[in-house]
Enquirer: 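Input: one structure, supplied below.
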Amino acid sequence: MAFPHQGYTLGETPADAERARAAWAAVAAACAEFEPVTMVVDPADVGHAERHLAGHARDGARIDIVTTALDDAWMRDMGPTFVLDARGRLGAVDWVFNGWGAQDWATWKHDEDVGAFVAQRAGAQLVSSPLVNEGGGFHVDGEGTALATRSVQLDPHRNPGLVERDVEDEFRRVLGVEKVIWLDRGLTRDAQEFGTRGHVDIVATFSEPGVVLVHDQQDARHPDHAISAEVVETLSQAVDACGRRLRVECVPAPTQLRDDEGWVDFSYINHLVVDGGVIACRFADADDEESPAARADAAAVAVLERAYPGRRVVTVDAREIFVRGGGIHCITQQQPSTPTDEDDR
């Protein structure tokens, strides 16, 4: 993970900044119940990070702080994508990061170097890629299939002149992917000024090979209602790299439709799978059990429990993360364990 440092992620007031830091720390604490967490922190923010993370590293949990210069805090996108080769050796794909397609509001002078920094810290072999891409822009099933959106990888502000085959070839080279299932776009809010232009990780994900969970906006008033139907149709007809017709499991969207900025893109799809667990988004207060938002949270947890049998689903309030442009999956990046890691534990 990366700790919030500046800009729109922190917000405009000290109170906004504290809410951002608390939200990131809550996700780190939830993850640390299951596995070690490393938090990358700008040197100027070590005091804030230590204050917010203090007390979370208990009962055998571990949250380590390492420092490097940062612009922002979306580790999924600026960080590397970890891979294993046929011999189980750890690699880290370092995509080109240019602020989600050179967005006017984004800065990335430091964040473009975070992938290599994290790879070095992890002892992984660096796998450099010329593709402008972010970790939230694709999902893989581990058996040769990827989900992606044309609005991201084929974005002229990211990869001008590239066509689907070019992206597929690069995914094959660095990820071992044999089949890319393309969606046209992401959700409505994510396509607007402060979005990513369509990351797939709030739209659909593999819960296991052959099974996809899909964001299902059931309210016809929301423009994502049509997008959900389009995605379900596309994926229901898709075949993966192993020749299987995908099974689509719909996950109803949270009940909130709008905020002060317009239509929201709150999504339960944006969760993180950890050792023995799932860290999922919550959109109601922890002590709220009766509101429509709380009932929607409970229904989503039930779906995730069925989708990930044997894993404990833990929810974290993700509202402060989503209003800043993403969710739990967006601010985390999983690293596979290696035999050395297991020995250390």
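Keep in mind the model is a prediction, meaning the values are calculated, not measured.
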Enquirer: Determine whether Asp16 and Leu10 satisfy the following criterion, side chain to side chain contact (heavy atoms under 4.5 Å, CB included), listing intermediate values before the conclusion.
Expert: CA-CA 6 Å; Asp16 289 339; Leu10 275 189; over 6 Å; no

Enquirer: If a pair satisfies salt bridge (charged side-chain N to carboxylate O under 4.0 Å, His left out) and one of its residues is in residues 86-100, list it, with sequence neighbours excluded.
Expert: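 Passing the test, one end in residues 86-100: Asp85-Arg89.
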
Enquirer: Could you walk me through whether Glu320 and Arg21 pass salt bridge (charged side-chain N to carboxylate O under 4.0 Å, His left out), step by step?
Expert: CA-CA 10 Å; Glu320 290 292 340; Arg21 293 166 183 144; over 6 Å; no

Enquirer: Does a salt bridge link Asp317 with Arg19, judged by any charged N lying under 4.0 Å from a carboxylate O?
Expert: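 Result for this pair is no, no salt bridge flagged.
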
Enquirer: Just by distance, do the side chain of Glu134 and the backbone of Gly136 share a donor-acceptor pair under 3.5 Å?
Expert: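 Checking the backbone N and O of Gly136 against the side chain of Glu134, no donor-acceptor pair under 3.5 Å is found.
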
Enquirer: Evaluate side chain to side chain contact (heavy atoms under 4.5 Å, CB included) for Glu143 paired with Asp141, printing each intermediate quantity in order.
Expert: CA-CA 5 Å; Glu143 294 188 358; Asp141 70 348; 3.9 Å; yes

Enquirer: Check the pair Ile181 / Leu235 against side chain to side chain contact (heavy atoms under 4.5 Å, CB included), numbers first and verdict last.
Expert: CA-CA 8 Å; Ile181 299 172; Leu235 294 178; 3.8 Å; yes

Enquirer: Any sub-3.5 Å donor-acceptor pair from Asn133's side-chain atoms to Trp95's backbone N or O?
Expert: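 Such a contact is absent between Asn133 side chain and Trp95 backbone.
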
Enquirer: Looking at Glu289 and Arg295, does any basic side-chain N land under 4.0 Å from a carboxylate oxygen?
Expert: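 No, no charged N to carboxylate O under 4.0 Å.
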
Enquirer: Are there more than 12 heavy atoms of other residues, nucleotides or ligands under 6.0 Å from atom CZ of Arg121?
Expert: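 For Arg121, atom CZ is not crowded (no more than 12 foreign heavy atoms under 6.0 Å).
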
Enquirer: Please report the shortest heavy-atom distance between Ser151 and Gly198, naming the atom on each side.
Expert: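 What the structure gives for the nearest pair is OG-CA, 3.7 Å.
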
Enquirer: Is Val248 reachable from Phe206 through a run of hydrophobic residues whose side-chain heavy atoms are each under 4.5 Å from the next?
Expert: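 They do share one cluster, since a chain of ILVMFWY contacts under 4.5 Å joins Phe206 to Val248.
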
Enquirer: Begin with the C-alpha distance, continue with both residues' side-chain angles, and end with the deciding distance and a verdict on side-chain hydrogen bond (donor to acceptor under 3.5 Å, both in side chains) for Ser129 and Glu170.
Expert: CA-CA 8 Å; Ser129 173; Glu170 183 63 2; 2.7 Å; yes

Enquirer: Asp71 side chain to Asp111 main-chain N or O, any donor-acceptor pair under 3.5 Å?
Expert: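 Indeed, once roles are kept as given, a pair shorter than 3.5 Å links the two residues.
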
Enquirer: Return yes if a side-chain donor-acceptor contact under 3.5 Å exists between Glu18 and His52, otherwise no.
Expert: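 Checked: Glu18/His52 side chains pair up, N/O donor to acceptor below 3.5 Å.
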
Enquirer: Measure up the Trp100 and Trp74 rings against each other and bin them: parallel (under 30°), tilted (30 to 60°), perpendicular (over 60°).
Expert: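 The arrangement is perpendicular - the two ring planes meet at more than 60°.
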
Enquirer: Is Gln192 atom CD crowded by more than 12 heavy atoms from other residues, nucleotides or ligands, each under 6.0 Å away?
Expert: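 Atom CD in Gln192 is crowded, with more than 12 foreign heavy atoms closer than 6.0 Å.
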
Enquirer: Ring centres under 6.0 Å, that's the criterion: do Trp182 and Phe138 meet it?
Expert: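 No, the ring centres sit 6.0 Å or more apart.
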
Enquirer: Under 3.5 Å, is there a donor-acceptor pair between the side chain of Arg197 and the main chain of Ala191?
Expert: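 No: the side chain of Arg197 does not pair with the backbone of Ala191.
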
Enquirer: When you measure from the side chain of Thr149 to the backbone N and O of Gly186, does any donor-acceptor pair fall under 3.5 Å?
Expert: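 No, because the side chain of Thr149 does not come within donor-acceptor range (under 3.5 Å) of the backbone of Gly186.
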
Enquirer: Apply side-chain hydrogen bond (donor to acceptor under 3.5 Å, both in side chains) to residues Ser228 and Asp216 and explain how you reach the verdict.
Expert: CA-CA 5 Å; Ser228 291; Asp216 183 18; 4.7 Å; no

Enquirer: Between atom NE2 of His329 and atom CE of Met75, what is the distance when rounded to the nearest 0.5 Å?
Expert: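 It is 13.5 Å, given to the nearest 0.5 Å.
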
Enquirer: Could you walk me through whether Asn270 and Ser267 satisfy the side-chain hydrogen bond (donor to acceptor under 3.5 Å, both in side chains) test, starting with their C-alpha distance in whole Å, then the side-chain angles of each, then the deciding distance to 0.1 Å, before giving a yes or no?
Expert: CA-CA 6 Å; Asn270 201 271; Ser267 173; over 6 Å; no

Enquirer: Ring centres under 6.0 Å, that's the criterion: do His48 and His5 meet it?
Expert: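 No - the distance between ring centres of His48 and His5 does not fall below the 6.0 Å cut-off.
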
Enquirer: Nearest heavy-atom pair of Ala122 and Leu90: which atoms, and what distance?
Expert: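 Between these two residues, the closest heavy atoms are O-CD2, 3.9 Å.
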
Enquirer: Would Arg258 count as a cation-pi partner of Trp263, with NZ or CZ less than 6.0 Å from the six-membered ring centre and within 45° of the ring normal?
Expert: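 Yes - Arg258 lies over the ring of Trp263, closer than 6.0 Å to its centre and within 45° of its axis.
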
Enquirer: Any carboxylate oxygen within less than 4.0 angstrom of a Lys/Arg side-chain nitrogen, looking at Glu33 and Arg312?
Expert: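 Salt bridge flag = yes for Arg312 with Glu33.
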
Enquirer: Please identify each residue that fulfils salt bridge (charged side-chain N to carboxylate O under 4.0 Å, His left out) with Asp64, with sequence neighbours left out.
Expert: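 With sequence neighbours excluded, Asp64 shows a salt bridge (charged side-chain N to carboxylate O under 4.0 Å, His left out) to Arg62, given in chain and number order.
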
Enquirer: Check this for me: does any side-chain nitrogen of one of Asp169 and Arg173 sit under 4.0 Å from a carboxylate oxygen of the other?
Expert: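 A salt bridge is absent here (no side-chain N lies under 4.0 Å from a carboxylate O).
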
Enquirer: State yes or no: do Phe266 and Val314 share one hydrophobic cluster built from I, L, V, M, F, W and Y residues joined by side-chain heavy-atom distances below 4.5 Å, directly or via other members?
Expert: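 In one cluster with Phe266: Val314, no.
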
Enquirer: Main chain of Gln217, side chain of His225: is a donor-acceptor contact present, judged purely on distance under 3.5 Å?
Expert: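 Yes.
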
Enquirer: Could you tell me whether Glu168 and Arg172 make a salt bridge, using a distance below 4.0 angstrom between a side-chain N and a carboxylate O?
Expert: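 No, no charged N to carboxylate O under 4.0 Å.
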
Enquirer: How far apart are the closest heavy atoms of Arg245 and Ser236, and which atoms are they?
Expert: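 Scanning both residues completely, I find the closest heavy atoms to be CD-O, 3.1 Å.
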
Enquirer: Measure from the side-chain N and O atoms of His222 to the backbone N and O of Asp224, and report whether any donor-acceptor pair falls under 3.5 Å.
Expert: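 A pair under 3.5 Å: yes.
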
Enquirer: Any chance you could measure Arg247, atom CZ, to Ser207, atom OG, to the nearest 0.5 Å?
Expert: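 Nearest 0.5 Å value for the CZ-OG distance: 7.0 Å.
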
Enquirer: Glu50 vs Leu53, test: side chain to side chain contact (heavy atoms under 4.5 Å, CB included). Steps then yes/no.
Expert: CA-CA 5 Å; Glu50 290 177 340; Leu53 298 172; over 6 Å; no

Enquirer: So, Arg282 side chain and Ala284 main chain: donor-acceptor pair closer than 3.5 Å or not?
Expert: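 Yes: the side chain of Arg282 pairs with the backbone of Ala284.
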
Enquirer: Are Trp105 and Tyr8 an aromatic pair, judged by ring center distance below 6.0 Å?
Expert: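 So the answer is yes for these two rings.
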
Enquirer: Taking the six-membered ring for Trp, are Phe97 and His110 ring centroids under 6.0 Å apart?
Expert: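 Ring centres of His110 and Phe97 not closer than 6.0 Å.
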
Enquirer: Would you name the heavy atoms of Arg158 and Gly101 that are closest together and state the gap between them?
Expert: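 Answer, listing the atom of Arg158 first, then Gly101: CG-CA, 3.7 Å.
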
Enquirer: List the atom of Val177, the atom of Val140, and the distance in Å for their closest heavy-atom pair.
Expert: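 Minimum heavy-atom separation between Val177 and Val140: CG2-CG1, 4.0 Å.
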
Enquirer: Considering all heavy atoms of both residues, which atom of Ala241 and which atom of Gly144 are nearest to each other, and what is their separation?
Expert: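 Looks like CB-O, 3.4 Å.
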
Enquirer: Taking Asp265's backbone N and O only, do any of them form a donor-acceptor pair with Arg189's side chain (distance below 3.5 Å, no angle check)?
Expert: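 Side chain of Arg189 to backbone of Asp265: no pair is present.
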
Enquirer: Donor-acceptor pair, Trp24 side chain versus Ala73 backbone, under 3.5 Å?
Expert: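 Yes; at least one donor-acceptor contact below 3.5 Å.
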
Enquirer: Do Asp42 and Thr67 come within less than 4.5 Å of each other through their side chains, counting heavy atoms only?
Expert: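 Sidechains of Thr67 and Asp42: no contact.
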
Enquirer: Can you tell me which residue among Val301, Asp297, Ile328 is in a side chain to side chain contact (heavy atoms under 4.5 Å, CB included) with Thr315?
Expert: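 Exactly one candidate clears the test, Val301.
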
